Amino acid sequence: MTEAELLAMPPEDYMNEQQLAFFHQRLLAMRQEILKRGEETVQSLRESELLPDPADQATLEEEHVLELRTRDRDRKLLKKIGDALTRIDEGSYGYCEESGEPIGLPRLLARPTATLGIEAQTHREIQQRQFAG
């Protein structure tokens, strides 16, 4: 099933078996890609060697730091993917965890791990800004 076919479905078909299967497959593909990148990072770090020029060595170490920071974000995303797959199994995927309303296909296509509808997410971000400042 394509995104266009998914979006063409009538609203009463929201989170039917086909849509759940589509997102299940998309989440599994995301997880596989993250795991692959993680393996590539581990291999790259194992193969790196000390460079004679201190500037080159510093650049290499900075690249490693950035790569590890990216892998940390991936690690957090892996948890969200696992949680989303659990919600698919439980039958709650695609619905806002605060309001129970549908999150919406366009939002889920953009962010398959979304747990909040647009209104709830906007409200949460406003609250976070108020308490952060």
Side-chain angles (χ1 to χ4, degrees):
M1 171 176 283
T2 66
E3 287 185 15
E5 291 170 328
L6 190 82
L7 292 169
M9 291 181 150
E12 59 269 13
D13 285 349
Y14 187 72
M15 289 301 118
N16 64 15
E17 281 186 41
Q18 289 177 305
Q19 291 179 358
L20 289 172
F22 176 90
F23 286 108
H24 186 264
Q25 200 55 38
R26 178 161 284 189
L27 289 161
L28 290 177
M30 287 173 64
R31 180 169 65 188
Q32 199 56 34
E33 180 62 31
I34 290 170
L35 293 173
K36 179 182 169 196
R37 285 195 310 256
E39 289 172 14
E40 289 169 357
T41 297
V42 168
Q43 188 64 29
S44 171
L45 292 174
R46 279 191 187 135
E47 292 173 357
S48 62
E49 55 190 68
L50 290 175
L51 300 173
D53 180 16
D56 288 343
Q57 185 65 36
T59 300
L60 181 65
E61 289 174 10
E62 183 63 25
E63 288 172 1
H64 287 167
V65 167
L66 291 173
E67 186 69 23
L68 290 172
R69 195 173 297 150
T70 301
R71 293 297 74 79
D72 189 50
R73 280 195 303 270
D74 281 351
R75 180 187 56 78
K76 292 172 185 171
L77 182 55
L78 277 175
K79 180 179 180 341
K80 290 180 181 182
I81 290 170
D83 293 346
L85 290 168
T86 299
R87 287 192 306 279
I88 287 175
D89 292 342
E90 294 172 346
S92 61
Y93 181 81
Y95 295 92
C96 178
E97 66 183 16
E98 287 187 6
S99 70
E101 295 293 316
I103 292 173
L105 294 175
R107 178 159 168 73
L108 289 171
L109 287 170
R111 188 177 199 95
T113 58
T115 60
L116 299 173
I118 299 258
E119 284 184 32
Q121 182 65 38
T122 302
H123 180 70
R124 183 173 284 182
E125 289 171 2
I126 289 170
Q127 284 184 322
Q128 287 173 344
R129 278 194 298 264
Q130 287 175 343
F131 291 114

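Model, not experiment: these values are computed from the prediction.
- Using a 4.5 Å heavy-atom cutoff, the side chains of T59 and E63 are in contact.
- I103 is not listed as a side-chain neighbour of R111, based on a closest heavy-atom distance of 4.5 Å or more.
- Interatomic distance, NE2 of H64 versus CG of L66, reported as 10.5 Å (0.5 Å rounding).
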message: side-chain contact (heavy atoms from CB on, under 4.5 Å) for R73 and T70? Distances and angles first, verdict last.
response: CA-CA 5 Å; R73 280 195 303 270; T70 301; 3.4 Å; yes
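- A salt bridge does not link R69 with D72: none of the charged nitrogens is closer than 4.0 Å to a carboxylate oxygen.
- Ring-plane geometry between Y93 and F23 is classed as tilted, the angle between the planes lying from 30 to 60 degrees on a 0 to 90 degree scale.
- Hydrophobic clustering of Ile, Leu, Val, Met, Phe, Trp and Tyr side chains at less than 4.5 Å, counting indirect connections, keeps V42 apart from I34.
- Atom CD of E98 has more than 12 heavy atoms from other residues, nucleotides or ligands within 6.0 Å.
- M1 is connected to M15 through a chain of hydrophobic side-chain contacts under 4.5 Å among Ile, Leu, Val, Met, Phe, Trp and Tyr, so both are in one cluster.
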- request: Quick one: do R26 and L109 satisfy side-chain contact (heavy atoms from CB on, under 4.5 Å)? Show the steps, please.
  value: CA-CA 9 Å; R26 178 161 284 189; L109 287 170; 3.6 Å; yes
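- Under a cut-off of 6.0 angstrom, the local environment of CD in E17 is sparse, with at most 12 non-hydrogen atoms contributed by other residues, nucleotides or ligands.
- The backbone N or O of L105 lies less than 3.5 Å from no partner atom in the side chain of Y14, so there is not a single donor-acceptor pair.
- Atom CD of residue E97 and atom OG1 of residue T115 lie 3.5 Å apart, to the nearest 0.5 angstrom.
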- request: Show your reasoning for whether side-chain contact (heavy atoms from CB on, under 4.5 Å) applies to E5 and F22.
  value: CA-CA 11 Å; E5 291 170 328; F22 176 90; over 6 Å; no
- prompt: Between E125 and Q121, does a side-chain hydrogen bond (donor to acceptor under 3.5 Å, both in side chains) hold up when you go through it step by step?
  reply: CA-CA 6 Å; E125 289 171 2; Q121 182 65 38; 3.0 Å; yes
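- Rounding to the nearest 0.5 Å places CG of D74 at 8.5 Å from CD1 of I81.
- We find that D83 and R87 are not joined by a salt bridge, their nearest charged nitrogen and carboxylate oxygen being 4.0 Å or further apart.
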- prompt: Taking it one step at a time, do I126 and H123 satisfy side-chain contact (heavy atoms from CB on, under 4.5 Å)?
  reply: CA-CA 5 Å; I126 289 170; H123 180 70; 5.6 Å; no
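- A distance of 9.0 Å separates CG of L108 from CD of Q19, quoted to the nearest 0.5 Å.
- Put simply, OG1 on T122 and CG on L116 are 9.5 Å apart, with the number rounded to the nearest 0.5 Å.
- Proximity of K80 to M30: side-chain heavy atoms (C-beta onward) are nowhere separated by under 4.5 Å.
- For C96 against G117, the heavy-atom pair with the smallest separation is SG-N, 3.4 Å.
- Partners of E40 according to the salt bridge (Lys or Arg N to Asp or Glu O under 4.0 Å) rule, which considers only residues two or more places apart in sequence or in another chain, do not exist here.
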